[in-house]
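Below you'll find the structure, written out as structure tokens, and then a few comments.
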Amino acid sequence: MVTITRFLQMLRGGAQMTLTTKPRGTNDIAPGEIEFWHELEERIRRVCSAYGFQELRTPIFEHTELFQRGIGEATDIVEKEMYTFLDRGQRSLTLRPEGTAPAVRAFLENNLGAGSLPVKLYYYGPMFRYERPQAGRYRQFVQFGFEVFGSADPLLDVEAIMLPLELYKACGLSGFEVEINSIGCPECRPNYRQELIEYFEPRIDGMCSSCKSRLHRNPMRLLDCKVEACQEVLAGAPPIAKHLCADCSQHFSEVLSYLDALGVEYKLNPRLVRGFDYYTKTVFEVTSKELGSQNAIGAGGRYDGLVEELGGKPTPAVGFAVGVDRLLLALKVQGKLKSEETGPQAYLVHFGGETKRRAAWVAHYLRSHGFWVELDYLNRSIKAQMKAANRLNSRLVLIFGEEELDRGRVIVRNMQDGHEQEADLQELEQLAKMVGECAK
Ligand code: HAM
């Protein structure tokens, strides 16, 4: 039996836990790791500008209906994974689980299609899905995604595959594979839906409750069910290929011929369907062999009906999203994340009092010229300050001794070779030059 005292202790323990532990499925990115993120973000910007993409920033939360309509009611994301809440005005809002529906909303709301087409937008930021956390699968994760609006050209489907491949290669990643399929359009689907229903109906008893409830509402969604017990039945399900209409077949064969012409390796996967209702025609996924069950490092496809579905005029579109957390995981496994040795350009050692004031003044001057400068805030001994400079890997130490200050000078010590010289505190420009020289 739990006594009242124990119960109160447990409550207090629980409260303590929530103060010192992050929510399940989230990650801190601390110094030591954030540098890799910065480098990747830099590469993303570079590859996006080479392909002519401009950045779009949308809110972290949107009206819930955007995702219900955009992603589809009978999808795992909408049925089970959204962080949905009522705000104080009783509006239903949802933390964005993905970036495509928000990009379409922003494209329409800001009339971005008014200029020349196609419009190429990219985004980078956190997404939220209430999934079971495991290595590579988080409840808050970062996606870099991009969308192209206003052209049905199959070359754009291919560029939507090539852009992330450029990024993966630029990061040094190897051992990834592109899988591709066509899932047709609303014209191809009625016969395929019928064939799926006929295939699943006699087998549905052994399948999960989601599959049972979706069988007649949206039978294609059964194909991306992840429940173990359903996998055997799914493996035997008929593929869509023979139902593709002439336009979709033609489009897919052009996509494949561009891929061949551009030397992009891929694997046809007739069972690839993706877990969103908005896709039409081409869908693709890139997997890394370094990751376990969560091995997709990016995915995307064409969605020619979504802009119209969300209230715009018919506008073909295609896009892709890279899972940034997973990409970094794969790079880590391949030993491609190397931290560079960094450190301040100068550490200012002082003796407190007037020497500290002069050091603070010089620190301000050097920082305003873009140098990384540190100084002591703990009133440590000179020996301890020198040690701190060493630990931080500072290139120079500037020693503000009382006797030197009386002469208007400061000692500049090069930490690499131990060489010391004096600098004139009236000639700060000269001092900045010296610091700059040493930083090279
Ligand atoms: P998605 O396949 O759901 O597609 O997500 C794209 C990528 O985000 C995945 O391949 C994976 O790398 C990463 N990802 C997804 N869920 C998680 C998670 N829980 N934890 C860590 N990483 C995750 C989309 O979101 C579509 N909006 C892609 C798209 C853009 N289609 C057209 N345009």
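The residues of the chain are indexed from 1 along the displayed sequence. Fair warning: this is a prediction, and the values are worked out from it, not measured in the lab. Just so you know, ligand 1 is whichever comes first in the structure, and atom 1 is the first atom listed for that ligand.
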For [atom], which candidate among [options] holds the nearest heavy atom?
atom	options	value
atom 33 (N) of ligand 1	E98, E147, R129	E147
atom 8 (O) of ligand 1	Q143, R132, Q140	Q143
atom 14 (N) of ligand 1	F141, Y130, Y278, F320	F141
atom 29 (C) of ligand 1	Y303, Y279, F276	Y279
atom 10 (O) of ligand 1	G99, G298, S288	G298

Open item on the list: Any salt bridge linking R57 with E55? Criterion: basic side-chain nitrogen under 4.0 Å from a carboxylate oxygen.
Closed with: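 Yes.
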Task: Short N-O contact, R43 and E39, less than 4.0 angstrom - done: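 Yes, charged N to carboxylate O under 4.0 Å.
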Please work out which of the three classes, parallel, tilted or perpendicular, describes the rings of [Y] and [X], given edges at 30° and 60°.
X	Y	result
F320	F284	parallel
F107	F149	parallel
F276	Y279	perpendicular

- [ ] Take T287 and E179, measure what side chain to side chain contact (heavy atoms under 4.5 Å, CB included) needs, and give me the verdict at the end.
- [x] CA-CA 8 Å; T287 53; E179 292 182 38; 4.2 Å; yes
Starting from [atom], locate the nearest protein heavy atom and write down its residue, its atom name and how far away it is, to 0.1 Å.
atom	result
atom 13 (C) of ligand 1	G323 CA, 3.5 Å
atom 30 (C) of ligand 1	T100 OG1, 3.0 Å
atom 9 (C) of ligand 1	A296 O, 4.0 Å
atom 20 (N) of ligand 1	Y138 N, 3.0 Å

Under 4.0 Å from a heavy atom of [X]: give me the atoms of ligand 1 that qualify, with their elements.
X	result
A299	2 (O), 10 (O), 28 (C), 29 (C)
E131	16 (N), 18 (C), 19 (N)
R137	19 (N), 20 (N)

Does [X] have a non-hydrogen atom less than 4.0 Å from ligand 1?
X	result
I297	yes
G136	yes
R274	yes

Open item on the list: Please evaluate residues E166 and Y51 with respect to the criterion side chain to side chain donor-acceptor pair (under 3.5 Å), reporting the C-alpha separation (whole Å), side-chain torsions for both, the decisive distance (0.1 Å), and the verdict.
Closed with: CA-CA 10 Å; E166 282 302 308; Y51 277 80; 4.7 Å; no
- [ ] Look only at interatomic distance and state if D325 has a nitrogen or oxygen under 3.5 Å from any nitrogen or oxygen of ligand 1.
- [x]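 Between D325 and ligand 1, no N or O pair is found under 3.5 Å apart.
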Open item on the list: Between F67 and I77, is there a side-chain heavy-atom distance shorter than 4.5 Å?
Closed with: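 A side-chain contact under 4.5 Å is absent here.
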Open item on the list: For Y130, does the six-membered ring have the charged nitrogen or CZ of R139 within the cation-pi criterion, i.e. under 6.0 angstrom from the centroid and within 45° of the normal?
Closed with: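 The answer is yes, since R139 meets both limits relative to Y130.
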Task: Distance flag, aromatic centroids of F53 and Y122, threshold under 6.0 Å - done: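 That pair fails the under 6.0 Å test.
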